[in-house]
Amino acid sequence: MHIELSGRHDPDARTLVLSAGLGGLGSFWLPQMNALRTAYRVVVYDQRGTGRSADSLPEGYSMQDMADELIALLDRQGITQFDVIGHALGGMIAMQLALDHPQRVGRIVLVNGWLKLDAHTRRCFRVRQDLLLNAGVEAYVRAQPLFLYPADWLSEHQERIEAEDALHNAHFQGMENLLRRLHALMSCDYSALATRITQPVLLLCSRDDLLVPWTCSEHLKAVLPNATLHQMSWGGHAMSVTDSETFNHHLLTWLQHTERSPETVEMELIWLKP
């Protein structure tokens, strides 16, 4: 699996692991990289079966598999303590990691996430799935920006969108891979487990998100024991791209306010040891 480490490498620097959504590409986080690199060690990666992590995914592929693959990837880099910033599917991976490795995950940021799939989001995913199966890859890729970006932003960035369409067509993850990743995403349900996630959590959502209703973040806030919610009024599902300045401000402010010293982390690890 392809992984990139950048930013600070001194022993005191906290590690931020950035996990993308259904597209799976680490490049999704480019608008955040400069803002994060000055204070943190930043890890981005292409999820298995996407981008530079080309592979054929097995039948029954699950969110648990995605979390296990990421923890193995971090193990190979010697990364034992980290925070996770996840967008949509990446947020599901973050919650799974927090449940499986609570002693290793310090903080979580869930961007347009959910506890279990909302009925509206399910309809959107089924439309995208039907496009892929019945109209082909090009139609699927052409429709994808409609679910990610606000209409006014799309209208002003058509040249960029067309370039992205060509790139996504050329490097499409494969129909079978996408369907298996989509099935894993649509199947996961953390509504009965979320109360066990006690790490500090930042919930970021956009009220004009076409794909994931902003109320899903409110549902997360109601059950996560240590969550903070920030709502952006505009930006769509990919508001980290369309309004990166506002998004980065919320993200950096929360990260700075929830810093913990290495001594505190070490003491927590001592208490957690059997």
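Keep in mind it's a predicted model, so treat the numbers as computed, not measured. Note: hydrogens, waters and symmetry copies are ignored here, and every other heavy atom, side chains too, is used. For the single chain, residues carry numbers from 1 onward in sequence order.
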Identify whether the distance between the nearest side-chain nitrogen and carboxylate oxygen of Arg52 and Glu4 falls below 4.0 Å.
-> yes
Heavy-atom check, side chain of Asn112 versus side chain of Leu211, under 4.5 Å | no
Within a reach of under 6.0 Å around NE2 of His249, are more than 12 heavy atoms found that belong to other residues, nucleotides or ligands?
-> no
For atom CD of Gln231, decide whether the heavy atoms of other residues, nucleotides or ligands shown that lie under 6.0 angstrom number more than 12.
-> yes
Do Arg48 and Ser53 pass the side chain to side chain donor-acceptor pair (under 3.5 Å) test, and can you show the C-alpha distance, the side-chain angles, and the key distance before you say yes or no?
-> CA-CA 5 Å; Arg48 182 184 174 194; Ser53 298; over 6 Å; no
Give, for atom CZ of Phe172 and atom CG of Asn177, the distance between the pair rounded to the nearest 0.5 Å.
-> 9.0 Å
Closest non-hydrogen contact found for Gly113 with Val212 is O-CG1, 3.9 Å
Please examine the side chains of Thr121 and Pro213, heavy atoms only from C-beta on, and report whether any two atoms are closer than 4.5 Å.
-> yes
Side chain to side chain contact (heavy atoms under 4.5 Å, CB included) between Leu73 and Arg76, intermediate numbers included = CA-CA 5 Å; Leu73 187 63; Arg76 288 194 289 273; 3.6 Å; yes
Euclidean distance, Leu182 CG relative to Phe125 CZ, rounded to 0.5 Å = 6.0 Å
d(His171 NE2, Ser27 OG) to nearest 0.5 Å is 10.0 Å
Taking 4.0 angstrom as the limit, do Glu176 and Arg181 come out as a salt bridge?
-> no
For the pair Leu252 and Leu36, evaluate side chain to side chain contact (heavy atoms under 4.5 Å, CB included) and give the outcome as yes or no after the intermediate values.
-> CA-CA 8 Å; Leu252 287 169; Leu36 296 175; 3.7 Å; yes
Under 30°, 30 to 60°, or over 60°: which ring-plane class applies to Trp153 and His157, parallel, tilted or perpendicular?
-> parallel
Nearest heavy-atom contact between Ile93 and Gln47 is CD1-NE2, 4.0 Å
Test side chain to side chain donor-acceptor pair (under 3.5 Å) applied to Arg207 and Ser233, step by step | CA-CA 5 Å; Arg207 292 183 70 94; Ser233 61; over 6 Å; no
Test Arg128 against Tyr140 for side chain to side chain contact (heavy atoms under 4.5 Å, CB included), laying out the working first.
-> CA-CA 6 Å; Arg128 297 172 72 180; Tyr140 174 89; 3.2 Å; yes
Using the benzene-type ring in the case of Trp, are the ring centres of His87 and Phe28 under 6.0 Å apart?
-> yes
Partner of Leu16 by side chain to side chain contact (heavy atoms under 4.5 Å, CB included), out of Val43, Val84, Leu255 | Leu255
Kindly indicate whether a cation-pi arrangement holds for Arg14 with Phe82, taking the cut-offs as under 6.0 Å to the six-membered ring centre and within 45° of the axis.
-> no
Side chains of Arg41 and Ile79: closer than 4.5 Å at any heavy-atom pair?
-> yes
Linking I/L/V/M/F/W/Y whenever any side-chain heavy atoms sit under 4.5 Å apart, do Leu5 and Val105 land together?
-> yes
Applying side chain to side chain contact (heavy atoms under 4.5 Å, CB included), run through Thr50 and Asp55 and close with a yes or a no.
-> CA-CA 8 Å; Thr50 74; Asp55 199 358; over 6 Å; no
Do Met66 and Leu110 belong to the same hydrophobic cluster, where Ile, Leu, Val, Met, Phe, Trp and Tyr are linked whenever their side-chain heavy atoms lie under 4.5 Å apart, directly or via other members?
-> yes
What's the spacing between Gln64 CD and Glu69 CD if we round to 0.5 Å?
-> 10.5 Å
Please round to the nearest 0.5 Å and tell me the distance separating atom CG of Leu97 and atom CD1 of Ile197.
-> 10.0 Å
Atom CD of Gln158: over 12 foreign heavy atoms under 6.0 Å = yes
Can you find a heavy atom in the side chain of Leu193 that is under 4.5 Å from one in the side chain of Leu115?
-> no
Which pairs with one or both residues in residues 189-203 pass side chain to side chain donor-acceptor pair (under 3.5 Å), sequence neighbours excluded?
-> Gln96-Tyr190, Asp189-Ser191
Applying salt bridge (charged side-chain N to carboxylate O under 4.0 Å, His left out), run through Arg104 and Asp75 and close with a yes or a no.
-> CA-CA 11 Å; Arg104 298 180 63 173; Asp75 286 344; 2.8 Å; yes
List the steps and the verdict of side chain to side chain donor-acceptor pair (under 3.5 Å) for Ser155 and Asp152.
-> CA-CA 5 Å; Ser155 179; Asp152 53 338; over 6 Å; no
Where is the tightest heavy-atom contact between Pro150 and Thr242, given as atom of each residue plus distance?
-> CD-CG2, 3.9 Å
Closest heavy-atom contact between Ala194 and Pro225?
-> O-CD, 3.8 Å
Side chain proximity check, Phe247 to Pro31, heavy atoms < 4.5 angstrom | no
Answer yes if Leu89 and Leu132 sit in the same cluster of Ile, Leu, Val, Met, Phe, Trp and Tyr residues linked by side chain heavy atoms under 4.5 Å apart, and no otherwise.
-> yes
Heavy-atom nearest pair, Trp29 first then Ala20, reads NE1-N, 3.5 Å
With Arg160, which of Glu164, Glu156, Glu162 fulfils side chain to side chain donor-acceptor pair (under 3.5 Å)?
-> Glu164
Is the shortest heavy-atom distance from the side chain of His168 to the side chain of Val137 under 4.5 Å?
-> no
Between Trp254 and His250, does the ring centre distance come in under 6.0 Å?
-> no
Minimum side-chain heavy-atom gap Val201-Asn226 below 4.5 Å = no
Give, for atom OG of Ser217 and atom NE2 of His230, the distance between the pair rounded to the nearest 0.5 Å.
-> 12.0 Å
Heavy-atom closest pair (Arg37 atom, Ser6 atom, distance to 0.1 Å) is NE-OG, 3.0 Å
Among side-chain atoms of Ser206 and Asp209, is any donor-acceptor pair under 3.5 angstrom?
-> no
Would Thr246 and Asp243 count as a side chain to side chain donor-acceptor pair (under 3.5 Å) if you check the C-alpha gap in whole Å, the side-chain angles of each, and the deciding distance to 0.1 Å?
-> CA-CA 6 Å; Thr246 301; Asp243 190 4; 2.9 Å; yes
Mind checking whether Val109 and Leu74 sit in one hydrophobic cluster, side chains of I, L, V, M, F, W, Y counted as touching below 4.5 Å?
-> no
Using the rule that two of Ile, Leu, Val, Met, Phe, Trp, Tyr join whenever any of their side-chain heavy atoms come within less than 4.5 Å, decide whether Leu202 and Trp214 are in one cluster.
-> no
